There are 2 protein chains.
Amino acid sequence: MADRAQPRRKRPTMIDVAQHAGVALRTVSRVVNNDPTVGAEFVNRVRTAIAALGYTPDERARQLRGRRSGLIGAAVRNLPAGHPVLSSLDAAAREHGFTVLAMATADEEDREREVVTSMFGRHLDGIVLEPVGENHQYLSRELDAGVPIVAFDRPAGGITVDTVISDNAAGIGTAFRHLRTHGHRRIAYIGDAERIFTGRERAAAFRACVAASGESITGLVHPGLIEPARIAAALETALLGPSPATALITGNASATIEVLRHLGSTAAKPAIVGFDDFPLANLLHPGLTVIAQDSDTIGRTAIDLLQHRIDDHTRPVQTVTIGVGLVVRGSGERPPPD
Amino acid sequence: MADRAQPRRKRPTMIDVAQHAGVALRTVSRVVNNDPTVGAEFVNRVRTAIAALGYTPDERARQLRGRRSGLIGAAVRNLPAGHPVLSSLDAAAREHGFTVLAMATADEEDREREVVTSMFGRHLDGIVLEPVGENHQYLSRELDAGVPIVAFDRPAGGITVDTVISDNAAGIGTAFRHLRTHGHRRIAYIGDAERIFTGRERAAAFRACVAASGESITGLVHPGLIEPARIAAALETALLGPSPATALITGNASATIEVLRHLGSTAAKPAIVGFDDFPLANLLHPGLTVIAQDSDTIGRTAIDLLQHRIDDHTRPVQTVTIGVGLVVRGSGERPPPD
DNA sequence: TTGAAAGCGCTAACAG
DNA sequence: CTGTTAGCGCTTTCAA
């Protein structure tokens with residue numbers, strides 16, 4: 001509380017430091033940037049003055065003069081709710097000497113645009129984007145200007161950028177075969193809407209699996225919004241029809257949770273393999289068998305691609321597909337009722 | 001892929017736009033900032049030039065000249081792992097016309113300092129901080145300079161700033177009374193280390209509850225690191241001693257999860273009330289009864305305090321305590337064995 | 001209503 | 001090794 005009321009003191013600038021130390025502006029700049037060609041005596045004087053005045057460099061001015069900012073923008077859907085990739089992005093970026101500046105797109109296209117535009121305006125060293133929607137043409141100008149951009153989780157539409165995605169088809173295939181191995185013939189899929197890239201890919205892969213198995217697909221595929229009523233209806237169709245499913249594949253973590261919630265108030269005990277792992281999946285009874293994305297590798301790969309693009313903006317654009325794993329915990333190994 | 005190889009085109013500046021439109025620099029600036037005192041004809045010419053060149057203002061230069069940045073920094077422990085407050089911070093900030101720039105402190109003091117210093121250097125409009133460690137004296141200079149800072153979840157040590165915290169003592173009290181009401185006499189606490197503020201507050205509140213109840217406290221209070229071995233040992237002491245506990249209060253979400261995990265491989269079925277709610281708490285059997293923090297109100301309050309501080313940097317510093325709630329789901333209503 | 005010129009705080013050429 | 005001098009791209013006095 002001390003002196004909050006005193007006249008807002010102006011922050012000292014490099015000039016103030018130079019005067020205080022009795023040296024030229026340039027010398028202060030050299031000391032601040034650890035230029036080795038400064039005499040020990042001068043370094044000392046400047047350091048003392050900096051400490052005395054409490055000087056901190058103004059990043060805005062510094063960068064205006066055209067240095068790298070050391071900042072990578074991460075435009076992600078949500079900041080909080082289980083964004084495992086963001087933490088590995090952050091860790092990997094740190095190892096490359098970058099700081100991650102995260103902003104949420106709230107899964108809205110307009111918001112994404114605002115966020116990314118604001119990042120451009122700040123001249124960050126690069127941008128990692130979890131694209132929302134289908135059209136990212138608005139990025140093409142910056143792309144041409146050489147701004148490094150990497151997309152992850154879903155591709156950016158209408159532009160060609162380095163991209164990191166999970167092997168969704170392989171994941172669905174693995175889940176399907178796992179359930180078949182455990183004796184299931186009627187397997188249903190409940191997942192996200194197909195206007196979302198991952199929802200589309202996973203539903204398509206599932207349809208291909210069913211077709212290859214020779215089963216009739218009727219009543220088995222349920223893409224759509226993740227909301228209680230829709231999920232309840234999908235479950236009813238899948239589990240109570242004339243040729244009911246004995247096993248489920250859920251298309252993402254939200255779908256899994258909604259399905260489990262609904263099943264909790266039901267007698268039905270289908271086998272379940274969920275797409276996406278989540279922290280508490282092993283506390284359930286039985287534990288939830290999942291297809292786990294390798295979020296750590298996704299994050300690291302995104303940063304690697306960005307670093308390469310920063311180093312050479314002419315290198316060929318690359319799409320990297322990251323493998324997924326099956327984590328067996330019990331829910332996917334329940335046999336079908338005889 | 002089109003033309004990635006072409007010579008990196010320089011981004012157009014305001015001067016380029018002015019030349020292209022055949023007007024003065026100042027006029028372009030006026031148009032960009034929606035200054036109404038510009039002739040319609042000029043506005044048109046400038047707008048056309050902007051579109052033709054794909055001009056975007058350079059925020060760095062803009063802010064260097066001393067405007068508000070519209071950015072609020074959020075220095076939080078982790079970006080991903082269940083940070084509910086961050087999302088409400090983001091939402092509330094947006095309503096105030098701010099964008100949240102989130103950076104992770106990784107719960108390391110040095111890292112926090114780096115992050116916050118970098119935020120200062122960027123001259124953000126304010127900073128919301130989840131403090132790490134005990135000493136935040138290094139902030140006092142900026143504080144005196146009038147930079148608005150708000151702490152949440154834990155107080156910042158050694159400085160006086162607006163603060164938002166949950167009513168930890170009330171939460172523990174509620175949990176304790178709830179378990180007593182359900183017949184428990186021996187209630188144990190397993191929580192975070194006491195060098196952490198919330199760990200300290202909750203353990204202290206728990207001790208006070210036990211003392212008030214007249215029970216002996218021996219073997220009941222277990223603060224410390226959240227790691228399997230320590231939790232296992234604590235559980236053993238609490239549940240298998242000469243006067244065993246029949247109910248548990250866990251000090252935070254990590255502790256709860258570790259406790260549940262351990263109990264899963266055990267015959268013991270104590271009643272449990274966890275501090276902190278988490279997404280899947282209601283999928284467990286029985287559902288987990290928790291003390292839930294009001295993260296939404298915490299986030300909104302932090303932004304409100306920041307806004308007020310921005311509007312008037314002389315106003316008295318304020319600490320706001322946010323109430324917590326009891327969510328009954330089953331685990332906390334188990335009776336003690338007779 | 002529009003324009004010319006002076007900086008914001010800093011780094012980068014170029015001299016001394 | 002150190003100092004002087006231009007700007008970076010923009011906003012802002014102050015004139016026209």
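For clarity, every value in this text was computed on a predicted model and none was experimentally measured. Protein chains get the first letters and strands the later ones, always in sequence-line order, with residue 1 at the start of each.
Residue B:Arg62 contributes atom CZ, which lies 16 Å from atom C1' of D:dC8 at whole-angstrom precision. Rounded to whole angstrom, the span from the CZ atom of A:Arg60 across to the P atom of D:dT11 amounts to 13 Å. Computed from coordinates, the B:Leu53 CG to D:dG9 P distance equals 14 Å when rounded to whole Å. One can place CE of A:Met14 at 20 Å from P of C:dG7, the figure rounded to the nearest angstrom. Spacing between atom CD1 of A:Ile50 and atom P of C:dC10 amounts to 10 Å, rounded to whole angstrom units. Put simply, CZ on A:Arg45 is 11 Å from C1' on D:dT2, counting in whole angstrom units. Note: CG (A:Leu25) to C1' (D:dA6) measures 12 Å, nearest angstrom. Across the protein-nucleic acid pair, B:Arg122 atom CZ and C:dC10 atom C1' stand 14 Å apart, rounded to whole Å.
A donor-acceptor contact shorter than 3.5 Å links the side chain of B:Arg309 to the backbone of B:Arg315.
Taking every side-chain heavy atom of A:Thr13 into account, C:dG9 is the closest of D:dT11, C:dG9, D:dC10. Comparing C:dC10, C:dT2, C:dG3 by their closest approach to the side chain of B:Phe42 singles out C:dT2.
Backbone-only contact: A:Val38 has heavy atoms under 4.0 Å from sugar-phosphate atoms and none from a base. Here B:Arg30 lies in heavy-atom contact (under 4.0 Å) with a base. Within 4.0 Å (heavy atoms only), A:Thr37 reaches at least one base atom of the nucleic acid.
Annotation: A:Asp35, atom CG; neighbour count of heavy atoms from other residues, nucleotides and ligands within 6.0 Å is above 12.
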A:Arg62 vs A:Asp58, salt bridge (Lys or Arg N to Asp or Glu O under 4.0 Å): CA-CA, chis, key distance, verdict: CA-CA 6 Å; A:Arg62 193 176 242 197; A:Asp58 187 323; over 6 Å; no
B:Tyr138 and B:Glu109: side chain to side chain donor-acceptor pair (under 3.5 Å), yes or no, with the steps? CA-CA 11 Å; B:Tyr138 74 96; B:Glu109 295 189 41; over 6 Å; no
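Residue side chain B:Arg65 reaches the base of C:dG7 through a donor-acceptor N/O pair under 3.5 Å, judged by distance alone.
Here A:Arg26 does not reach the OP1 or OP2 of D:dT2: none of its side-chain N or O atoms lies under 4.0 Å away. Residue B:Thr27 has a polar side-chain atom (N or O) positioned under 4.0 Å from OP1 or OP2 of C:dG3.
Nearer to the 5' terminus of DNA chain C, by closest-nucleotide assignment, is the contact made by B:Val23 (compared with the other of B:Val23 and B:Ala61).
Residue B:Thr48 holds its OG1 atom at 10.5 Å from CG of B:Leu53, rounded to the nearest 0.5 Å.
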